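Any value given below was found using the heavy atoms of this structure, including those in side chains, with hydrogens, waters and symmetry copies removed. Quantities reported herein were computed from a predicted structural model and do not represent experimental measurements.
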Number of protein chains: 2
Amino acid sequence: MAPTIRDIARVAGVSVATASKGLNGKGRMRPETRERIVQTARDLGFRPNRNARSLTSGRTYTVGLLTRNGYGRFTPALLGGVEDALSADTCSLLLCDARRDAVRERHYIDALTARRVDGLIVTGRETDPAPRVMRDLPFPVVYAYTVSADPADTSVTVDDEHGGRLAVRQLTRYGCRRIAHLTGPPSYAAVRDRVTGARAALADEGLDLPDSRVVYGPFSEEMGFTQVRRLLEREPEIDGIFCGNDQIARGAADGLAAMGRRVPEDVSLVGFDNWTLLAASTRPALASVDMNLYRLGRVVGETLLASIDGTVTPGISRLPCSIAVRASCPAPTGDDPVWTSDAPLVPDA
Amino acid sequence: MAPTIRDIARVAGVSVATASKGLNGKGRMRPETRERIVQTARDLGFRPNRNARSLTSGRTYTVGLLTRNGYGRFTPALLGGVEDALSADTCSLLLCDARRDAVRERHYIDALTARRVDGLIVTGRETDPAPRVMRDLPFPVVYAYTVSADPADTSVTVDDEHGGRLAVRQLTRYGCRRIAHLTGPPSYAAVRDRVTGARAALADEGLDLPDSRVVYGPFSEEMGFTQVRRLLEREPEIDGIFCGNDQIARGAADGLAAMGRRVPEDVSLVGFDNWTLLAASTRPALASVDMNLYRLGRVVGETLLASIDGTVTPGISRLPCSIAVRASCPAPTGDDPVWTSDAPLVPDA
DNA sequence: ATGAAAGCGCTAACAG
DNA sequence: CTGTTAGCGCTTTCAT
């Protein structure tokens, strides 16, 4: 049986109240008394029961992380950031995966409520506005990556438009003038936002992205491989392709190689996600936009802590991307730093 | 303020004791009384405080999941299985990432102890015996994927030897007789075990795997790409390659294509990990050994629950692998089921 | 069938 | 400086 504060008090020869104060550095007492208490606790291997403590304090120093549709490739980085932010306040993370099931989600919300979590982070694979998790929850909620359809909620996500801009800027900086875009299904907000960003960056240069040069399809290598060929047969003058994710980019790179086109000399390539495992192994290695998910996680954690302290910031905030420059679209001078942006980096999964 | 059981009692016009019994379906009382209590609780949106409850019950229905070196590609599937197993007992998961830091690990262990978790799962990226997390913890511990160096502990991991056997059996079944092995650093127990399994399966067929046909290197595409060429230049008669993971296999597939060798007609290929995103996108798609991590997670969860109930099973248990058959080494008849083994499947990250 | 009382481990207000 | 007392939300004897 684990020792309780009563055991400490008894062994140290003080009252429970004094033991409590002694252990928490509160109140005033003779240094030797405090020392004796602390020493006794150490001797007995005393670990104060946080659940008992939270009964009086009202705070559990626990936050829930509810993922709506499984742990994806994005989860680890995000999780790392969240954990680091929360550890500043020694909060622990309670994990739940709703698996696209409203009943299960409801069940988890109840469980987290019963555990009296101090706050909740809701995450999902898409940036599209999603139904709010529940109204009138007894703790603050922050949406991460996914955003709540209710503008009164707090959401932190990626600025996909900025990401699209960065990708195109890298291509034009290298000298591309006739740029195309191979990307995922337009049903995704992220896909549409990246297109918007790409067009904006091209407009800055007096260029454009006609519909004929935007190809939507599944987010897969297969798509990149087959569509790059069709695209170049149709418009052979294309000299740069912005791909909606690294899988498409990889497929495109392989497709171009199969067609005998050189990357980046004939056609330059920029991907999205900076999924190192894939991007760095592509021949040539893929330049790719990075969503800085670790930093997103940190910001989400900090935002939640602020909300718990009463400082709520409703609305959607969108964090900028950065770009990892690699051989598929190198920096023009050849000696630019690989990373633009000072966002903290963490290795891939 | 969230309603307490006292509020329920007052509104329902009963004592707290009766309210408690009524809500928990315990004791005997008039059905109408119970109904009134339950209804009141519903009306007030009452959520019993589990922390308070665990004060008396001694159980928190919470288990810790400590990962020693970050969330990797293997984490999501494992996590899913653990969560499913634990949900049978409505346990929640408290997440901690020690990041290869002993101090941080110690810190998390303390935090979990203070939270009075019912049990702990320790996981890591390697199957090599690792130092036990701490002695005399006040709750049971199960090691998942990683195994404890102390045989008195409970560890559940993958049977890499079996995986190696499966891979080779698939190659020989397709007709390969001169088999090579491109794999990761021999410092990994998993790498050595797979070699052992491969040799055993070959011996069954009266074949062997001379040292000259085993190439160790980093677990990367680059390694597969370059080493497959060197290997075939040295031993052109090789007709099947077992690769230590899917990245190596993918590199090898690309390398073979670059050399003008057909897969699987000239050289067949089997990978390891069955990382669908990579394996299914390779041209041709990669046959690959699957470690059934979701199932590993389930077994780990069930084992922990059993330990919490007092049924401990010390030692290392190794779960068999299965194999996903794809075009790089198809089934001989062409119409075999893609999956051997009835292990539950979950989609990739 | 119901309720009063004690107690889980800890903190805090107030006395002494 | 230290101890007594009350109470956090809930469960559990044990009376009534």
Inset, instruction - Can you tell me the distance, in whole Å, between the CG atom of A/L23 and the P atom of C/dA12? - result: 13 Å

Legend entry - Nearest-Å distance for atom pair CZ/P, residues B/R59 and D/dT11: 15 Å

Inset, instruction - Quick one: label B/T4 by what it contacts on the DNA or RNA (base, sugar-phosphate, nothing), any heavy atom closer than 4.0 Å. - result: sugar-phosphate

Legend entry - Minimum-distance pair of heavy atoms, taken over all atoms of A/L86 and A/G301: CD2-O, 4.1 Å

Inset, instruction - Quick one: pull up CZ in A/R298 and CD in A/E302 and give me the separation to the nearest 0.5 Å. - result: 5.5 Å

Inset, instruction - With rounding to the nearest 0.5 Å, note down the distance linking NZ in A/K26 to OG in A/S20. - result: 7.5 Å

Legend entry - From CA spacing to verdict: salt bridge (charged side-chain N to carboxylate O under 4.0 Å, His left out), A/E126, A/R68: CA-CA 10 Å; A/E126 295 95 25; A/R68 281 186 146 165; over 6 Å; no

Inset, instruction - Let me know which of A/I121, A/T313, A/V142 forms a side-chain contact (heavy atoms from CB on, under 4.5 Å) with A/V156. - result: A/V142

Legend entry - Interatomic distance where CZ belongs to A/R6 and P belongs to C/dT11 [whole Å]: 12 Å

Distances under 3.5 Å between protein N/O atoms and the N/O atoms of nucleotides 1-4 of chain D, please, pair by pair.
{"residue": "D/dT2", "atom": "OP1", "partner": "A/R30", "partner atom": "NH1", "Å": "3.3"}
{"residue": "D/dT2", "atom": "OP1", "partner": "A/T33", "partner atom": "OG1", "Å": "3.0"}
{"residue": "D/dT2", "atom": "OP2", "partner": "A/R30", "partner atom": "N", "Å": "3.0"}
{"residue": "D/dT2", "atom": "OP2", "partner": "A/T33", "partner atom": "OG1", "Å": "3.1"}
{"residue": "D/dG3", "atom": "OP2", "partner": "A/S15", "partner atom": "N", "Å": "2.9"}
{"residue": "D/dG3", "atom": "OP2", "partner": "A/T18", "partner atom": "OG1", "Å": "3.0"}
{"residue": "D/dG3", "atom": "O6", "partner": "A/K21", "partner atom": "NZ", "Å": "2.7"}

Legend entry - A/R47 CZ - C/dC8 P separation (whole Å): 22 Å

Legend entry - Distance in angstrom units between B/R53 CZ and D/dG9 P, rounded: 15 Å

Inset, instruction - Measure from CG on B/N49 to C1' on D/dC10 and round the result to the nearest Å. - result: 8 Å

Inset, instruction - Between D/dC10, C/dG9, C/dT11, spot the one nearest the side chain of B/L55, thanks. - result: C/dG9

Inset, instruction - Would you classify A/N51 as touching base, sugar-phosphate or nothing, given that sugar-phosphate means primed atoms plus P, OP1 and OP2, and contacts are heavy atoms under 4.0 Å? - result: nothing

Inset, instruction - Would you confirm whether B/T75, through its side chain, and B/R73, through its main-chain N or O, come within 3.5 Å as a donor-acceptor pair? - result: no

Legend entry - Whole-Å distance separating the CZ atom of A/R116 from the P atom of D/dC10: 6 Å

Inset, instruction - Could you tell me the separation between the CD1 atom of B/I5 and the C1' atom of D/dC8, rounded to a whole number of Å? - result: 14 Å

Inset, instruction - Could you list the residues that satisfy side chain to side chain contact (heavy atoms under 4.5 Å, CB included) with A/T67, not counting sequence neighbours? - result: A/Y71, A/D97, A/T123

